[in-house]
Amino acid sequence: MRRKKRKNGANLIGYSLIAPWLIGIFCFQLWPIIHSFLMSFTDYNLLNTPQFIGAANYSKMFQDENFYQAVRVTFKYVFIAVPAKILFALCIALILNLKLKGIGIYRTIYYIPSILGSSIAVAILWKALFVKDGAINALLASFGIQGASWLGSPKYALFTISLLTVWQFGSSMVVFLAGLKQIPMELYEAAAVDGAGRWAKFIHITIPGIMPMMSFNVLMQTINAFQMFAAPYTIFNGRGGPLNSVMLYVIYLYQHAFKYFNVGYSSALSWALLVMIAGTALILHFLQKRFLNYDD
Amino acid sequence: MRKRTSVTLVTAAMALLLAGCGGSGGGTQTTTQGNTQTEAAGQAADSGSGTEQVELRISWWGSDARHEATLEALDLFMEKNPNIKVVAEYQGFDGYHDKLMTQISSGTEPDVYQLDNNVYFASLAANDKLGDLTPYIGNQLKLDDYPEDALTWAQYNGVQYGVPSGLNGPLFIWNKKIFDEAGVEYPTDDWSWEDFEKACQEIYDKTGKYGMKEPSYFLTMTMVRQQGQWFATEEGELLDFSAALGNVYEQYNKWRETGIFPPLDMTVGQESQQDNLFLSCDAACEVNHIATMPQDHAAMAEEVELGISLVPGTKQSGGAYMLASMPWTLGKSSSHPEEAVKLIDFLINDPDAAKILMTVRGVPAPQSVRDTIAPMLEGDALLVMEGVDLLIENTERIDYEWLVPGSAVIENTIMDEQYATGYGQKTSQEAGAAAYQTILESVQNSQ
């Protein structure tokens with residue numbers, strides 16, 4: 001009995017120590033999540049007293065042309081940006097895994113874009129680089145190449161934004177690098193004895209060796225990509241870019257919440273996004289289970 | 001046993017926390033008041049006056065000139081009213097109303113704020129989210145000297161919800177240097193759109209600079225009105241403007257082909273109030289609210305002189321209007337409304353404040369204030385005053401699109417369709433009709 005009491009006391013101290021974190025998670029995450037779920041069944045417009053309107057917000061989505069546009073753009077973005085970023089991160093990780101002098105410094109430098117990553121300053125930098133008379137086109141012009149309007153043309157705008165994402169490859173790269181370090185050197189030595197070339201080693205040792213990191217990266221980056229917001233919001237002044245070709249899902253739901261004040265509808269859009277992300281994650285998980293077997 | 005206790009504990013903690021989140025406003029306000037009272041006690045001892053110390057929050061959007069002048073005026077107010085401390089919250093236009101609307105809906109808005117009556121006023125008034133000024137008029141707030149026409153711009157169903165901080169309106173603004181470069185004569189108030197077309201074509205052919213930056217929402221609205229088509233009735237009921245808007249788009253598309261307007265891919269997504277082709281001196285003119293001219297001028301890439309005149313076509317087909325804009329509004333959740341109204345009165349009427357504020361929010365409306373500052377005006381400020389006089393002389397009637405509930409969608413939609421037809425996705429008439437349909441649906445949804 002005495003022991004039990006002391007343990008409870010210890011728990012209490014523990015809870016009070018993590019209280020700041022608990023307060024944060026309950027007030028700024030859990031409560032808003034619950035709140036938005038409730039709001040998604042109302043006609044709340046920021047100013048009125050919310051009225052319960054059943055699933056009307058959800059059924060409205062299916063008749064909303066712009067909703068389909070946002071979903072199309074978002075999936076396109078995910079399919080472009082995620083594989084490109086993963087590939088790029090892997091390449092850089094392979095280079096940084098070489099045993100060179102001063103490689104630690106390079107590793108640090110290459111991680112910097114990810115630290116700056118989601119900041120507004122980088123979005124503004126991107127805009128300055130890629131506008132029609134920006135630095136990139138000036139550079140191209142010096143080679144005699146006529147640059148396009150990378151942000152102003154509906155053909156290229158989404159790619160330009162994807163490129164920004166790819167540039168923030170640092171966190172995936174670090175995960176890959178950790179994976180590469182874990183592959184036992186003996187495997188490579190044994191393969192070399194058997195006469196395997198560089199390519200054969202890469203395909204049969206490196207790739208299987210980093211598969212767990214690969215699936216982790218793909219999953220995390222996909223989830224993040226669905227929620228892309230800050231950079232395109234800044235670059236296109238909170239709008240959907242040329243012909244709404246960069247109308248990413250989160251920008252669309254932000255517009256409904258804070259431009260048109262359809263908070264109810266916007267909440268429903270958020271929950272639909274959750275379903276989309278969860279669905280995609282489940283598919284990825286299933287594919288990984290089906291085709292990868294870590295234990296062998 | 002142990003498990004159950006900890007579960008209970010966690011549940012209790014959660015309940016407490018959630019309760020804390022829910023009742024946000026009340027808790028914080030009480031503490032603030034408590035603090036203020038302690039401060040007041042200290043200060044009262046110093047100054048010997050027995051008045052209670054009050055803290056007010058005020059917010060506005062604008063650029064540096066407006067920020068500096070307003071801060072200086074607020075210092076003066078605090079000097080004159082030692083028992084009132086004013087905390088200023090200011091920023092640029094982008095994002096200002098997103099923040100303000102969130103504050104209003106959670107009851108944490110400033111005691112006094114500058115509001116865009118073009119877009120947000122009607123929805124807020126209709127939902128009873130604005131502070132009613134009626135009880136203070138004639139007491140803390142003197143409006144005897146304030147023109148009646150201008151006051152209507154902050155009225156809803158006859159109730160006064162704010163006092164416009166300045167007279168304003170869309171005018172044609174042009175870069176003299178580019179006209180000189182091309183050897184083209186300066187625009188006049190009598191210009192027709194044919195004159196505009198001829199001059200701008202010459203400018204583009206000779207200098208490679210565009211005649212005008214991507215047409216603003218204000219220009220589109222003016223050109224629609226010049227066809228005799230209005231956007232709304234006096235009651236704020238939307239009118240069918242599809243055909244007239246379609247015609248304006250058609251004209252835009254034509255001008256875009258000949259270089260009078262820049263190609264869309266130069267501007268879409270790259271145009272903001274702080275960053276556009278007029279400011280970078282790559283376009284000769286713009287149509288913009290005259291009160292923003294001095295700040296635009298300060299932000300321009302080169303040293304240039306600007307000229308102003310009526311929007312082309314005004315003498316032929318009207319469409320000009322004076323607008324009383326940016327009302328100072330009383331926060332409905334203000335716990336010190338009397339002091340807040342006193343601040344509004346100070347910003348609107350006080351001659352010393354007027355000498356500091358000058359025309360940073362457009363031309364002040366009260367006659368006495370205009371007389372006070374008129375001799376002091378020079379340069380851009382004088383131009384702004386002249387511009388507003390032009391608008392007052394040429395106003396036939398005002399349009400009431402800003403009284404349409406949910407009017408926030410109007411500007412976005414009209415710009416979206418302008419781009420859609422500009423990129424060739426729709427014909428100009430289709431785009432005009434689509435804009436009207438989208439806005440109509442949005443208005444019906446918000447009713």
Side-chain angles (χ1 to χ4, degrees), chain A residues 4 7-8 11-12 15-16 19 22-28 30-32 34-35 43-49 60 66 127 130-134 148-157 232-246 254-255 257-263 265, chain B residues 1-2 5-6 9-10 13-18 20-22 24 94-95 97-99 101-102 104-106 119-120 123-129 262-275 277 280 282 406 408-409 411-413 415-416 419-420 422-425 438 442 445-446:
Chain A
K4 208 169 264 172
K7 204 146 197 193
N8 274 343
N11 279 348
L12 211 61
Y15 285 126
S16 62
L22 279 178
I23 292 172
I25 199 111
F26 284 125
C27 279
F28 300 115
L30 197 63
W31 173 240
I34 298 169
H35 200 74
D43 63 351
Y44 187 46
N45 68 7
L46 260 193
L47 304 172
N48 63 354
T49 319
K60 184 174 152 193
N66 291 321
K127 192 168 168 177
F130 283 93
V131 288
K132 200 169 184 185
D133 49 3
S149 177
W150 304 112
L151 289 168
S153 146
K155 259 191 291 185
Y156 304 122
Y233 177 85
T234 310
I235 292 174
F236 299 107
N237 291 320
R239 305 165 62 94
L243 285 184
N244 287 336
S245 61
V246 199
Y254 180 89
Q255 266 195 354
F258 295 103
K259 285 276 178 292
Y260 311 145
F261 312 121
N262 300 322
V263 179
Y265 185 51
Chain B
M1 178 60 199
R2 187 171 62 96
T5 329
S6 52
L9 262 173
V10 172
M14 225 170 111
L16 268 172
L17 285 169
L18 289 184
C21 306
S24 55
D94 294 334
H97 286 91
D98 300 5
K99 185 170 145 193
M101 293 300 276
T102 319
I104 291 174
S105 80
S106 62
V119 176
Y120 300 91
S123 307
L124 286 168
N127 283 289
D128 194 22
K129 291 287 175 184
L264 267 182
D265 62 4
M266 281 208 69
T267 53
V268 174
Q270 303 170 28
E271 189 130 314
S272 71
Q273 295 224 14
Q274 292 83 33
D275 171 24
L277 292 177
S280 65
D282 293 307
V409 77
E411 179 172 354
N412 262 7
T413 308
M415 292 307 284
D416 274 350
Y419 300 145
Y423 274 114
Q425 204 183 43
T438 309
S442 167
N445 269 341
S446 69

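So that the names make sense, note that chain A is the first sequence line, chain B the second, and so on, each numbered from 1.
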Query raised in the report: Between A/L243 and B/Y423, what is the shortest heavy-atom contact and its length?
Result: CG-CD1, 3.4 Å
Requested in this report: Identify which part of A/Y233 has an atom lying under 4.5 Å from any heavy atom of chain B, answering side chain, backbone, both or neither.
Outcome: side chain
Report summary line: On a heavy-atom basis, the closest approach of A/L46 and B/T102 is CD1-N, 4.4 Å
Report summary line: For A/L47 and B/K129 the tightest heavy-atom approach is O-CE, 2.8 Å
**Report entry** Distance in Å, B/T438 OG1 paired with A/N66 CG, rounded so as to fall on 0.5 Å steps
**Finding:** 8.0 Å
Query raised in the report: In Å, rounded to the nearest 0.5 Å, how long is the span from CH2 of A/W150 to CG of B/D265?
Result: 11.5 Å
Report task. Give, as side chain, backbone, both or neither, the part of A/Y156 having an atom under 4.5 angstrom from any heavy atom of chain B. Result -> neither
Report task. Would you name the heavy atoms of A/Y254 and B/D98 that are closest together and state the gap between them? Result -> OH-OD2, 2.9 Å
Query - Which of B/V409, B/I104, B/D416, B/N412 touches chain A most, by non-hydrogen pairs under 4.5 Å - result: B/N412
Query raised in the report: If you measure from CG on A/N48 to CG on B/D128, what distance do you get to the nearest 0.5 Å?
Result: 12.5 Å
**Report entry** Which atoms of A/K60 approach chain B - backbone, side chain, both or neither, heavy atom under 4.5 Å
**Finding:** side chain
**Report entry** Pairwise distance OG(B/S123) to CG(A/N45) - rounded to 0.5 angstrom
**Finding:** 8.0 Å
